[in-house]
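In what follows, residues are counted from 1 in the order of the sequence shown. Ligands are counted one by one from 1 in listed order, and the atoms in each one are counted from 1 as well.
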Amino acid sequence: MPPLLPSAHTDTFARDRLPPPELWPELLFELPSLRFPDRLNCVALLLDARVEAGEGARLAIQGEGVRWTYAELQAQVNRIANELVQGMGLVSGQRVLLRGANTPMLAACWLAVVKAGGIAVGSMPLLRARELQPIIAKAEISHALCDARLADELTMARENAPTLRQVALFHDTGPDGLEARIARRDTRFDAVPTSADDVCLMAFTSGTTGTPKATMHFHRDVMAACACWPPHVLRATPDDVFIGSPPLAFTFGLGGLLLFPMSIGASTVLVEKASPDTLPAAIERYRATVCFTAPTSYRAIALQQPRPHDLGSLRKCVSAGEALPAATRTLWREATGIELIDGIGSTEMLHIFISADEAHAKPGATGVAVPGYRACVVDEAGRELPHGQVGRLAVKGPTGCKYLADARQAQYVQNGWNLTGDAYRVDEDGQFVYQARTDDMIISGGYNIAGPEVESALLLHPAVAECGVVGVADAERGQIVKAYVVLKPGHAGDATMTRALQDFVKQTVAPYKYPRAIEYRTELPRTETGKLQRFRLRQGPTT
Ligand code: 3UK
């Protein structure tokens with residue numbers, strides 16, 4: 001662990017709860033663009049520097065009824081920051097809960113919290129009171145900025161949240177709403193001169209079991225993420241218009257839909273609903289050029305017939321959150337002419353660390369380590385495995401896992417490497433090929449089978465809309481491969497279909513991987529971030 005700079009935070013809660021030095025990931029700052037000054041407020045760089053450079057008139061954020069230039073966004077952020085500090089008594093280092101669907105106002109609140117030296121804690125819009133409570137308790141949240149339409153669950157959560165003292169509601173027309181409060185505030189606010197290694201955001205992992213884990217990231221981590229994948233792989237330009245579906249509370253969305261466009265002076269579109277049914281209309285309406293969403297969403301949009309909206313403005317499309325099946329890559333290329341940019345990222349690493357641009361995309365592979373990062377595949381003892389062998393993915397770079405006071409730090413970080421929990425292999429071209437989450441590998445009759453590989457095979461069949469493959473207990477084989485399949489309209493899930501799908505898989509991948517059981521569903525259980533909930537499939541019919 002590198003020595004830490006003196007914290008500029010008045011409230012040192014986050015600094016006091018960083019992992020112990022021996023459990024830190026090793027950090028790499030070899031790229032010249034990763035040398036940062038000791039004092040650094042990421043919002044000063046992403047927002048104020050842009051306006052100071054004379055680019056204040058450029059478009060920054062659009063949304064329903066909103067079109068803010070960088071100068072207008074800066075004024076709005078400054079008003080909110082003034083209200084936080086003068087009206088709500090925010091002290092640097094305190095944690096502020098942010099709650100709302102993706103909107104320009106939510107983004108302005110995030111920027112204001114961080115500019116004021118606070119720590120932004122995003123929360124998924126659909127969370128209920130009982131899910132908000134542990135987040136508020138774990139991060140000892142003192143303030144909240146919440147969309148008025150989502151206030152009810154927060155109000156209920158407050159009954160059991162003694163640390164939360166100040167709440168302001170936005171998109172609220174009342175006299176006490178945030179809009180009324182900031183109307184009287186100054187449009188000037190000097191960014192709090194935080195240390196590069198002061199925490200600026202906490203992101204709770206979308207883990208499916210156990211108590212939620214909070215990852216912590218520094219002001220420097222935000223700038224490091226902006227300096228690695230975006231300029232080296234995405235390579236967007238200031239004239240690009242970003243759009244997509246991941247919530248800003250998910251670091252995939254925070255980076256892709258707010259930090260990355262701002263880091264190059266481009267503009268972003270924040271839409272509240274960005275499902276496969278609504279995203280295409282928004283792309284057409286805003287003439288969006290760079291899109292971020294999950295693989296299932298690209299697949300669902302590509303399958304829409306006839307194509308209801310003009311996607312011709314799109315130039316670059318990024319897929320992350322789950323493995324991208326080769327069939328989905330092909331469908332999207334056939335529908336739009338665009339080669340998807342796949343990338344694996346994680347909440348712990350902040351953003352994408354293995355990826356391939358359009359020219360290096362290889363169907364079925366994720367790509368190679370993003371400049372600034374190193375990646376390898378290791379065995380149980382942490383020894384690097386030769387190419388071709390399946391093992392645990394290990395990465396390091398300028399960002400890394402720092403859980404807030406959590407014993408699980410020792411699982412994610414071992415010998416300075418971040419272990420993401422994914423099984424990978426490196427192929428003959430040096431490309432990283434995803435297999436499965438390590439705990440999702442299916443062991444059947446002595447064979448190791450990766451569910452996603454079987455899913456990719458099934459998705460090539462013309463009758464399959466969506467599918468999920470898991471291992472279920474079997475007396476004879478230990479586990480058997482079971483597929484849950486959603487068929488396209490006009491197909492029947494009968495014994496003939498089951499045999500056809502089984503034969504199809506046997507001809508596509510090694511025959512022992514074929515699903516011995518197939519169950520038909522009308523939809524599959526997914527998280528708010530588009531990930532298949534395999535544990536719910538394994539639980540059986542109650543899902
Ligand atoms: C899986 C992928 C194969 C993988 C994320 C981009 O997904 C993000 O963060 P989470 O913490 O989950 C991390 C886990 O998700 N995964 C993500 N992308 C891919 N698997 N191919 C991919 N392209 O299991 C990983 O360990 O929710 C993604 C940027 C920021 C993020 N937070």
Side-chain angles (χ1 to χ4, degrees), residues 122 124 201-208 212-215 217 221-222 224-226 228-230 233-234 244-260 292-298 317-326 328-329 340-357 361-370 373 375 377 392-395 397 399-401 403 408 411-412 417-425 431-441 450-453 455-456 526-535:
M124 295 292 183
L201 74 97
M202 289 182 184
F204 280 80
T205 59
S206 53
T208 46
K213 288 173 278 191
T215 64
H217 295 289
D221 295 327
V222 164
C226 291
C228 291
W229 179 80
V233 182
L234 180 65
S245 67
L248 294 178
F250 182 26
T251 62
F252 179 39
L254 181 69
L257 301 179
L258 186 63
L259 307 175
F260 299 165
F292 287 75
T293 189
T296 48
S297 167
Y298 284 114
C317 297
V318 180
S319 168
E322 277 205 312
L324 173 65
T328 302
R329 177 182 283 292
L340 282 169
I341 301 174
D342 188 6
I344 177 172
S346 73
T347 308
E348 288 82 355
M349 297 302 295
L350 189 52
H351 221 273
I352 293 174
F353 49 83
I354 292 176
S355 184
D357 66 13
K362 183 172 172 185
T366 315
V368 299
V370 166
Y373 289 84
V377 171
R392 306 187 295 163
L393 180 65
V395 292
T399 60
C401 177
Y403 287 135
R408 289 167 287 187
Q411 282 157 31
Y412 206 95
W417 289 90
N418 298 275
L419 294 163
T420 62
D422 296 293
Y424 258 87
R425 72 179 162 82
Q431 289 244 9
F432 284 76
V433 182
Y434 179 78
Q435 309 294 305
R437 294 285 305 165
T438 18
D439 13 336
D440 283 341
M441 289 295 294
E453 189 187 0
E455 288 163 15
S456 298
R526 290 193 183 276
T527 65
E528 234 186 307
T529 57
K531 287 189 216 293
L532 182 65
Q533 293 175 305
R534 289 170 205 282
F535 74 100

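- Interface atoms of ligand 1 facing Thr347, defined by a heavy-atom separation under 4.0 Å, are 9 (O), 10 (P), 11 (O), 27 (O), 32 (N).
- A heavy-atom separation below 4.0 Å is found between Thr251 and ligand 1.
- Contact check on Glu322 versus Arg526 returns a salt bridge, with a Lys/Arg side-chain nitrogen under 4.0 Å from an Asp/Glu carboxylate oxygen.
- Using a 30° and 60° split on the angle between ring planes, Trp229 and Phe260 fall in the tilted class, from 30° to 60°.
- Residue contact check: Thr420 has heavy atoms under 4.0 Å from atoms 26 (O) of ligand 1.
- Using a non-hydrogen distance threshold of 4.0 Å, Asp422 registers as a contact of ligand 1.
- For Asp422 and Arg437, the salt-bridge test passes: some basic side-chain N is under 4.0 Å from an acidic carboxylate O.
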- Task: Determine, step by step, whether Phe432 and Ile344 satisfy the side-chain contact (heavy atoms from CB on, under 4.5 Å) criterion, reporting the C-alpha distance in whole Å, the side-chain angles of both residues, the deciding distance to 0.1 Å, and the verdict.
- Result: CA-CA 10 Å; Phe432 284 76; Ile344 177 172; over 6 Å; no

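- Taking 4.0 Å as the cut-off, Gly421 does not count as a neighbour of ligand 1 on heavy-atom distance.
- Taking the six-membered ring for Trp and thresholds of 30 and 60 degrees, His351 and Phe292 have ring planes more than 60 degrees apart, a perpendicular arrangement.
- When only interatomic distances are considered, the shortest N/O to N/O separation between Leu350 and ligand 1 does not fall below 3.5 Å.
- Checked against side-chain contact (heavy atoms from CB on, under 4.5 Å), Ala365 has the following partners two or more places apart in sequence or in another chain: Lys362, Gln431, Val433.
- Both the backbone and the side chain of Ile344 come within 4.0 Å of ligand 1, counting heavy atoms alone.
- For Ala369, the side-chain contact (heavy atoms from CB on, under 4.5 Å) partners two or more places apart in sequence, or in a different chain, are Ala375.
- Per-residue contacts place Ala323 under 4.0 angstrom from the following atoms of ligand 1 (heavy atoms of the residue considered): 3 (C), 20 (N), 21 (N).
- Contact annotation: for Phe252 versus ligand 1, heavy atoms closer than 4.0 Å belong to both the backbone and the side chain.
- Between atom OG1 of residue Thr366 and atom CG of residue Leu324 there is a gap of 8.5 Å, rounded to the nearest 0.5 Å.
- Distances between N or O atoms of Leu324 and those of ligand 1 include no value under 3.5 Å.
- Only the side chain of Asp342 comes within contact range of ligand 1, with a heavy atom under 4.0 Å; no backbone atom does.
- Taking only non-hydrogen atoms, the option from Gly345, Ala365, Ala436, Pro246 nearest to atom 28 (C) of ligand 1 is Gly345.
- For Met349, no heavy-atom contact with ligand 1 is shorter than 4.0 Å.
- The residue from Glu322, Glu348, Gln435, His351 that puts a heavy atom closest to atom 22 (C) of ligand 1 is Glu322.
- Side-chain contact check for Thr205 and Tyr412: no donor-acceptor pair (N or O, by modelled atom type) lies under 3.5 Å.
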